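To start, the structure itself, in structure tokens.
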Amino acid sequence: MTETIPLATARRIALAAQGFVDPAPSGAVDRRHLQRVLGRIGLLQIDSVSVLARAHYLPLYSRLGAYPRRLLDQAAWGPRPRLFEYWAHEASLLPVETQPLLRWRMARAADGHGIYSGLARFGVERRDFVETVLRRVEADGPLAASDLEGDPGEGGWWGWSDAKRAVEWLFWAGRLTTATRRGSFERVYDLPERVLPEAVLAQPTPQPQDAHRELIRIAARAHGIATASDLRDYFRLAPDQVKPRLPELVESGDLLPVSVPGWSQPAFLYASARRPRRVHARALLAPFDPLIWERSRTERLFGFRYRLEIYTPADKRQHGYYVLPFLLNDRLVARVDLKTDRRSGRLLVLATGMEDGAPADTLEHLAVELRRMADWLGVAEVEAVGPMQPGLRAALAVSPPAEDGAARPYP
């Protein structure tokens, strides 16, 4: 018979799968800790919005506490990278060992499938120019789009130059990869054989169905418990790429069919998932954290409706521009709109919202986490600005200075 997993248990399983019950690092955070987190979550979504900190840095902070961001920079863009950039769950950083599992996507992109239609057309209509750009990178080494000849673009992201279109098509097709990022976060491209480990590139290319199966397995491990649509979303797979693989993973014993009360879809439990009896966690979560990036799953697991309002006109925003949910134990109990004012050295709390049933000491816990985050960001003060925040101001006034070590689990 199919096992029924209570919702509270499903929440704890999901939190454990995402690393929120792992022991806090003792001493300085190093590459082993980063690898442990990436081994659980499988990827980091890249986003250039830096109103607080760039999004790919934040999931590691939520799980490890104050860590040196140069660790991630070196792992992703250093001379011997252990991560690489590609399209997975949007633009992502992934362990280099995952590269063979995404070659099917690169091959489809080269054929004009699964890629922006305008870029696909450009790859066909301007193939000679694309090949010229590739030969330039081959000859001259790592180059950014701004280093290459081509018509200047207008309007930034929305007005790419021909050079930008060419290197992005080559990136999608796997013929170029990211060598590093410049200070402006501009991508610098190079040939995969000059960036990625030789041992990875030498691996045979899996058949697409085998790659899909392994990507679903990685997603299942990162979820702990999930619906088919959750598993599909993690690597942005198509329904017909997932549906045939699920019975195979059930038959192999990797997935166990289960049900969760209140979920309208059947669920799958990762066979090795931990089932902690309790979770003692305390963390601020970035909008693109893999625990919450699939909004319907967030609502199913936590009863927490969450939407990113960056592109919503200011007068129509409900909660704020860059809002982080606050995890306390196994619940999302509050949300805060944050901004780093680097010029004045302050972490600004623009708005705070408490969830129904939040514990009475939520603001005290939140104040501690805000001070820890400010310390990690290298700013001296936390200031709650705007109306309707007297409770948080009072909590900040009495909260202790930022402590060394991880932000969770808390005593």
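Treat the numbers as computed from the prediction; the structure is a model and nothing was measured. We number each residue from 1, following the sequence as shown.
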Heavy-atom nearest pair, Ile218 first then Gly42, reads CG2-CA, 4.4 Å

### Message
Evaluate Glu90 against Ser92 for side chain to side chain donor-acceptor pair (under 3.5 Å), listing each step before the verdict.
### Response
CA-CA 6 Å; Glu90 303 297 335; Ser92 302; over 6 Å; no

### ring pair (Phe, Tyr, Trp, His ring centres under 6.0 Å) between Tyr234 and His223, intermediate numbers included
CA-CA 9 Å; Tyr234 212 71; His223 281 97; 5.0 Å; yes

task: Measure up the Tyr306 and Phe304 rings against each other and bin them: parallel (under 30°), tilted (30 to 60°), perpendicular (over 60°).
output: tilted

Trace of the side chain to side chain donor-acceptor pair (under 3.5 Å) decision for Arg182 with Ser184
CA-CA 5 Å; Arg182 291 180 177 166; Ser184 61; over 6 Å; no

- Query: Could you walk me through whether Glu186 and Ser146 pass the side chain to side chain donor-acceptor pair (under 3.5 Å) check?
  - Reply: CA-CA 9 Å; Glu186 183 182 22; Ser146 60; 2.7 Å; yes

Value for CD1 (Ile13) from CD1 (Ile225), rounded to nearest 0.5 Å, stands at 5.0 Å

Donor + acceptor pair across side chains of Asp147, Tyr189 (<3.5 Å): no

#### Entry: Sub-4.5 Å side-chain heavy-atom contact between Phe302 and Arg11
yes

pair His56-Gln45: side-chain heavy atoms closer than 4.5 Å: no

Margin query: Between Gln99 and Arg103, is there a side-chain donor-acceptor contact under 3.5 Å, judged purely by atom types and distance?
Written below: yes

Problem set entry | Under-4.0 Å salt bridge between Arg136 and Glu131 | no

Between Arg105 and Phe235, the two heavy atoms sitting closest are NH2-O, 2.8 Å

(message) Just by distance, no angles: are the side chains of Arg295 and Thr298 close enough, under 3.5 Å, to form a donor-acceptor pair?
(response) no

- Is it true that Asp22 and Arg40 make a salt bridge, defined as a side-chain N closer than 4.0 Å to a carboxylate O? yes

Tested for side-chain contact (heavy atoms from CB on, under 4.5 Å) against Tyr322, the lone hit among Val49, Leu338, Leu350, Val336 is Val49

Self-check item: Asp73 and Arg181: CA distance, side-chain angles, deciding distance, salt bridge (charged side-chain N to carboxylate O under 4.0 Å, His left out) verdict
Solution: CA-CA 9 Å; Asp73 292 339; Arg181 292 270 188 167; over 6 Å; no

Does the pair Arg135 and Thr132 meet the rule for a side chain to side chain donor-acceptor pair (under 3.5 Å), with working shown? CA-CA 5 Å; Arg135 289 194 295 271; Thr132 298; 3.2 Å; yes

*Would you please say whether a donor-acceptor pair under 3.5 Å links the side chains of Glu364 and Thr362?*
no

In short, Phe20 meets Ser62 closest at the heavy-atom pair CE2-O, 3.7 Å

Next on the checklist: Does Asp356, at its CG atom, have more than 12 non-hydrogen atoms belonging to other residues, nucleotides or ligands within less than 6.0 Å?
Outcome noted: no

Within the 4.5 Å heavy-atom criterion, are Leu284 and Leu370 side-chain neighbours or not?
yes

**Q.** NZ/NE/NH1/NH2 to OD/OE distance under 4.0 Å, Arg245 and Glu248
**A.** yes

Give the intermediate values and the outcome of salt bridge (charged side-chain N to carboxylate O under 4.0 Å, His left out) for residues Arg82 and Glu97. CA-CA 8 Å; Arg82 299 307 306 162; Glu97 294 78 11; 2.4 Å; yes

Between Arg108 and Asp111 (salt bridge meaning N to carboxylate O under 4.0 Å), is one present in this structure? no

Please check this pair: side chain of Asp375 against backbone of Arg372, looking for a donor-acceptor N/O pair closer than 3.5 Å.
no

Please confirm whether the backbone N or O of Gly65 pairs with a side-chain atom of Trp376, one donor and one acceptor, at under 3.5 Å? no

Taken to the nearest 0.5 Å, the spacing of Leu43 CG from Leu38 CG works out to 8.5 Å

- Message: Test your reading of the model: is there a side-chain donor-acceptor pair from Asn329 to the backbone of Arg331, 3.5 Å cut-off?
- Response: no

Is the closest side-chain heavy-atom distance between Val382 and Leu348 below 4.5 Å? no

Backbone of Glu383 reached by a side-chain donor or acceptor of Arg346 within 3.5 Å | no

Any side-chain heavy atom of Asp190 within less than 4.5 Å of one from Val137?
yes

Is the shortest distance from a Lys or Arg side-chain nitrogen in Asp30 or Arg36 to a carboxylate oxygen in the other one below 4.0 Å? no

d(Arg70 CZ, Trp77 CH2) to nearest 0.5 Å is 15.5 Å

message = Using a 3.5 Å distance criterion without hydrogens, assess whether the side chain of Arg317 forms a donor-acceptor pair with backbone atoms of Thr312.
response = yes

Review point. Would you call Asp233 and Arg297 a salt bridge, using N to O less than 4.0 angstrom?
Key: no

- Are Tyr61 and His33 near enough that their ring centres are under 6.0 Å apart? no

### Message
If only side-chain N and O atoms count, and only distance matters, is there a donor-acceptor pair under 3.5 Å linking Thr2 with Ser259?
### Response
no

State whether Phe129 and Arg126 meet the cation-pi test: NZ (Lys) or CZ (Arg) under 6.0 Å from the six-membered ring centroid, and within 45° of the perpendicular axis. yes

Taking every heavy atom of Arg165 against every heavy atom of Leu119, the minimum-distance pair comes out as O-CD1, 3.4 Å

Here the gap from Leu324 atom CG to Leu332 atom CG, rounded to the nearest 0.5 Å, amounts to 11.0 Å

Return yes when atom CZ of Arg31 has more than 12 non-hydrogen atoms of other residues, nucleotides or ligands closer than 6.0 Å, and no otherwise. no

With a 3.5 Å distance limit and no angle check, can you tell me whether Ser50 reaches the backbone of Ala53 through a side-chain donor-acceptor pair? no

One should read off an interatomic distance between Leu347 CG and Leu396 CG, to the nearest 0.5 angstrom, of 9.0 Å

Do Leu215 and Thr98 come within less than 4.5 Å of each other through their side chains, counting heavy atoms only?
-> yes

task = Evaluate the criterion salt bridge (charged side-chain N to carboxylate O under 4.0 Å, His left out) for residue pair Arg175 and Glu168; output intermediate values, then yes/no.
result = CA-CA 10 Å; Arg175 298 177 67 184; Glu168 281 299 303; over 6 Å; no

Side chains of Arg63 and Gln18: is there a donor and an acceptor less than 3.5 Å apart? yes

Hey, does Trp263 have a side-chain heavy atom less than 4.5 Å from the side chain of Val258?
no

Looking only at side chains, do Arg187 and Thr178 share a donor and an acceptor under 3.5 Å apart? yes

Residues Arg80, Glu198: salt bridge by 4.0 Å N-O rule
no

OG1 (Thr227) and CD (Glu294) are apart, to the nearest 0.5 Å, by 7.5 Å

Validation row: Thr352, Phe326 side chains within 4.5 angstrom (heavy atoms): no

Smallest heavy-atom separation, Ala76 atom then Pro81 atom, equals O-CB, 3.8 Å

Heavy-atom nearest pair, Phe171 first then Glu85, reads CZ-O, 3.4 Å

